[in-house]
Amino acid sequence: MLSILLVWLGMQATPPADPAFATLDRAYIALKAKDYDAAARAFREAIRLAPDRPAIYTDLAYTLLKTGENVAARDAFHEAMLLDPANASVAMEYAFLAYETGGKVTARRVFDRLRHMPGPPQATAEQAFQNIDRPLDEGIMRWKSALAQSDSFSAHEELAKLAEQRDDLALAAQEFERAWALRPTARNLLLDLARVWKAIGRSEDSSIALLAASRCDEARTAERARALMPARYPYVYEFQKALALDPANYELRRELAYLHLAMGQKAEAEREFERLVRDTPNDLLSAAQLGFLRLGRGEKSAAMPLLERVLAGGDNDLADRARAALALPQSLKKRADEPRVSVPLEAKDLADRSLEKGYLRDALKYLVIANENDPVDFRVMLKLGWTSNILHQDDEAVRWFGLARRSPDPQIANEAATAYRNLRSQTSRFRTTAWMYPFYSTRWKDVFAYGQVKSEMRFASVPVRLYISTRFIGDTRGSTTPTAGLGPQFLSESSVIAGLGIATSNWHGAFGWFEAGEAMKYRQKPGGDRLMTPDYRGGVSFNKGFGQLLAKSSHGLFAETNNDGIFVSRFQNDTLLYSQNRAGYTFAANESGSFQAQVFSNANLTADVQRQPWANFAEAGPGIRFRFPQGLLLTASVFRGAYLVPQGGERHPNFWDVRIGIWYAFTAIH
């Protein structure tokens with residue numbers, strides 16, 4: 001009995017196994033072998049297994065320093081410092097790295113703490129602190145002297161920035177406020193005020209400054225402010241305080257006016273619209289809304305000057321609404337059921353009705369109103385993206401899709417992210433695309449490979465793109481049977497082709513291109529062609545898909561057609577014509593959307609202008625295609641083919657072929 005008790009006590013005294021022991025052992029072995037990348041990976045895995053041990057973060061940080069990853073090392077030291085604030089050496093490493101990577105303010109704060117801690121690092125911390133603090137103090141004194149001579153906006157702004165870096169937040173707030181008073185059009189100062197006010201505990205004032213900045217006409221400032229604002233929609237009193245801070249912010253005032261309208265507070269809305277009409281004479285929307293309000297309560301004489309201003313303005317749609325309100329003939333044929341917006345809460349419903357009826361420009365306006373009244377409605381942002389895209393306002397569409405992809409709703413976020421990637425690749429100034437298609441043919445008992453890397457530059461106002469291209473066209477054997485009688489371009493050119501080219505924009509699936517370059521053979525036969533040959537090629541292409549194509553959310557019938565006409569100079573100036581067509585069924589993707597399949601029937605036609613025997617044939621047969629993650633496609637087809645011109649005994653008039661190929665492509669945006 002005593003022995004059993006002793007065994008039980010021994011088991012209780014045995015410490016639990018270290019979950020990160022094996023991983024750390026692997027990390028230290030890699031570190032000893034100077035395989036720093038493997039060591040870093042192992043340390044990160046150990047952190048996942050034991051996230052509360054500062055020593056692992058410290059070892060990871062020193063490893064990252066050896067690979068030159070200073071920013072990542074700084075972040076690892078920061079985590080170690082948070083877990084063990086008393087470790088002065090770790091804090092010192094973090095402070096120096098913070099200073100080196102641009103975090104001067106953060107480094108100063110850490111050095112300030114360390115110089116008051118007893119121990120060897122105290123003197124070093126004191127010196128480092130003074131090296132940062134002394135220039136800040138001297139700069140503050142210089143700007144104070146400058147302000148004593150002249151009350152300058154720039155001096156107040158610079159003094160505020162230096163004071164904030166020195167953690168004199170009260171002085172920073174005071175100077176930013178004075179700078180704002182001197183130049184209330186510099187709305188980037190609202191972001192500075194919001195940041196400093198929040199740091200000194202004036203949270204409500206900080207939120208008000210962000211609200212004013214988020215509705216200003218400086219796009220970059222407004223975007224940064226929206227990213228910092230809470231998800232909820234602001235209250236009326238917050239709009240009023242923001243206007244007290246920034247009275248000239250007409251976007252902010254207009255949104256408040258519409259909010260009053262939505263709440264049924266017409267008198268308050270009218271006061272705001274009156275201020276807008278007085279201060280911004282070119283604001284036709286506010287003039288129209290104020291005119292409608294006055295007309296609605298029977299004050300036609302007061303409404304007429306406003307509506308006449310709208311009629312004389314350049315907004316035809318707004319002018320037609322004014323004519324409708326005044327029972328005047330329309331400038332264009334009026335749609336009998338054209339919706340008219342009365343209050344912003346109707347905007348989403350009116351937008352949906354306009355979309356259903358195909359009134360896209362009306363829908364766009366209503367969606368903009370809906371977004372102004374609820375800036376965090378991601379479904380509205382997604383609709384704005386699609387509507388802008390249909391109206392060929394692609395730059396706007398990219399912006400709306402970029403915002404909608406941040407939605408907490410996975411369905412909206414995924415749809416927006418896909419549209420953003422696809423559209424941005426078409427609208428970006430520079431992009432690089434690469435594709436490759438290796439396949440095996442039983443007909444020729446050979447593996448062929450085609451590929452291209454192309455970097456192109458897009459011009460915003462011109463429907464053409466310039467590009468540089470490198471093509472690869474080759475096979476494993478480099479030849480076929482002596483009696484085949486094939487032209488070299490049919491199977492493989494065994495070349496790398498570098499060239500400069502120009503291509504048109506895609507128009508309903510059609511585009512043209514031309515390039516000039518040099519073909520460099522990587523396989524040279526005795527007595528063969530020159531190693532370097534000028535190469536001129538170009539053509540037109542038309543590609544179209546119908547029905548349920550390969551996509552995560554689609555399944556059902558589909559059809560595709562790919563048609564090309566290609567001129568190649570180095571093969572007797574021949575022009576080849578290809579038509580590849582598929583029709584079949586797309587199966588639903590798996591739950592993660594990473595795998596999908598299609599079955600289909602092929603119908604292909606190949607011909608050339610010179611009517612060469614090898615280049616004119618038709619083929620058809622069944623096929624199957626699989627889509628894997630990252631857009632990888634695996635295709636397998638069985639063909640029965642027939643030549644369309646006499647073969648002179650060199651080939652049978654009919655043939656069988658099984659082709660198995662892999663397609664992969666990607667696009668990089670610059």
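Interatomic distance, CD1 of I132 versus CG of D137, reported as 14.0 Å (0.5 Å rounding). Here CD1 of I208 is found 12.0 Å from CG of D246. Values are rounded to the nearest 0.5 Å. Between atom CD of residue E272 and atom OH of residue Y250 there is a gap of 16.0 Å, rounded to the nearest 0.5 Å. Separation of atoms CZ (R379) and CD (E415) is listed at 8.5 Å; rounding is to 0.5 Å.
Between M92 and T124, the closest heavy-atom pair is CE-CB, 4.2 Å. Among all heavy-atom pairs drawn from R226 and S214, the shortest one is NH2-O, 3.3 Å. Heavy atoms only, all atoms of each residue included: A179 and F153 are closest at O-CD1, 3.3 Å. The minimum heavy-atom distance between M381 and A404, with the atom names listed, is CB-CB, 3.9 Å. Minimum heavy-atom separation, I56 to A50: CD1-O, 4.0 Å. Residues A172 and E164 share a closest heavy-atom pair of CB-N, 3.7 Å.
Q130 and E126 are linked by a side-chain donor-acceptor pair at a separation below 3.5 angstrom, with hydrogens and angles left out of the test. Checking W143 against E158 by side-chain atom types alone, no donor-acceptor pair falls below 3.5 Å. For the 3.5 Å distance criterion, the side chains of Q393 and W400 fail to qualify, holding no donor opposite an acceptor. A side-chain N or O of N131 and one of Q127 form a donor-acceptor pair less than 3.5 Å apart. Looking only at atom types and distance, the side chain of Q452 has a donor-acceptor partner in the side chain of S469 under 3.5 Å away.
Side-chain contact between Y467 and L500 is absent, with no heavy-atom pair separated by less than 4.5 Å. Taking the side chain as every heavy atom from C-beta outward, R187 and W180 approach each other to under 4.5 Å. The side-chain heavy atoms of V368 and L384, taken from C-beta on, include a pair separated by under 4.5 Å. Looking at heavy atoms from C-beta onward, R406 lies in side-chain contact with F378 at the 4.5 angstrom threshold. Looking at L210 and L191, their side chains come closer than 4.5 Å, going by heavy atoms from C-beta outward. Proximity of N87 to M81: side-chain heavy atoms (C-beta onward) are nowhere separated by under 4.5 Å. Side-chain contact between Y664 and L633 is absent, with no heavy atoms from C-beta onward closer than 4.5 Å.
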- List the steps, then state whether side chain to side chain donor-acceptor pair (under 3.5 Å) holds for T101 with R74. CA-CA 8 Å; T101 55; R74 177 202 65 194; 3.0 Å; yes

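With respect to the salt-bridge test (charged N to carboxylate O, under 4.0 angstrom), the residues R215 and E251 do not qualify. Taking the charged nitrogens against the carboxylate oxygens, R232 and E238 do have a contact shorter than 4.0 Å, which makes a salt bridge. Checked for salt-bridge contact, E396 and R399 meet the test: a charged N lies under 4.0 Å from a carboxylate O. Look at D167 and R108 and you find a salt bridge, because one of the NZ, NE, NH1 or NH2 atoms lies within 4.0 Å of a carboxylate O, short of that distance. Taking the charged nitrogens against the carboxylate oxygens, E175 and R178 do have a contact shorter than 4.0 Å, which makes a salt bridge. Classification of E177 and R202 as a salt-bridged pair holds, one side-chain N sitting under 4.0 Å from a carboxylate O. A salt bridge links D192 with R195; the closest basic N to acidic carboxylate O contact falls under 4.0 Å. Classification of K241 and D205 as a salt-bridged pair fails, no side-chain N sitting under 4.0 Å from a carboxylate O. The pair E456-R465 meets the salt-bridge criterion, with a side-chain N (NZ, NE, NH1 or NH2) lying under 4.0 Å from an Asp/Glu carboxylate O.
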Can you give the donor-acceptor pairs under 3.5 Å from side chains of residues 20-44 to other protein atoms, not counting sequence neighbours?
unit_1 : atom_1 : unit_2 : atom_2 : d
R26    : NH2    : E45    : OE1    : 2.8
Y28    : OH     : D59    : OD2    : 2.6
D35    : OD1    : A38    : N      : 3.4

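Listed by first then second residue, pairs satisfying side-chain hydrogen bond (donor to acceptor under 3.5 Å, both in side chains) with a partner in residues 144-155 read D151-H156, not counting sequence neighbours.
A side-chain donor-acceptor contact under 3.5 Å links R253 to the backbone of P247. No side-chain donor-acceptor contact under 3.5 Å links S388 to the backbone of G385. Judged by distance alone, the side chain of N249 and the main-chain N or O of A212 form a donor-acceptor pair under 3.5 Å. The backbone N or O of D409 lies less than 3.5 Å from a partner atom in the side chain of S407, making a donor-acceptor pair.
In this structure, F239 and Y233 have tilted ring planes: the angle between them lies in the 30° to 60° band.
Each of Y62, Y94, F96 was compared with F77 under the ring pair (Phe, Tyr, Trp, His ring centres under 6.0 Å) criterion, and only Y62 meets it.
A cation-pi contact, defined as under 6.0 Å to the ring centre and within 45° of the axis, is absent between K104 and Y99.
Annotation: Q122, atom CD; neighbour count of heavy atoms from other residues, nucleotides and ligands within 6.0 Å is above 12.
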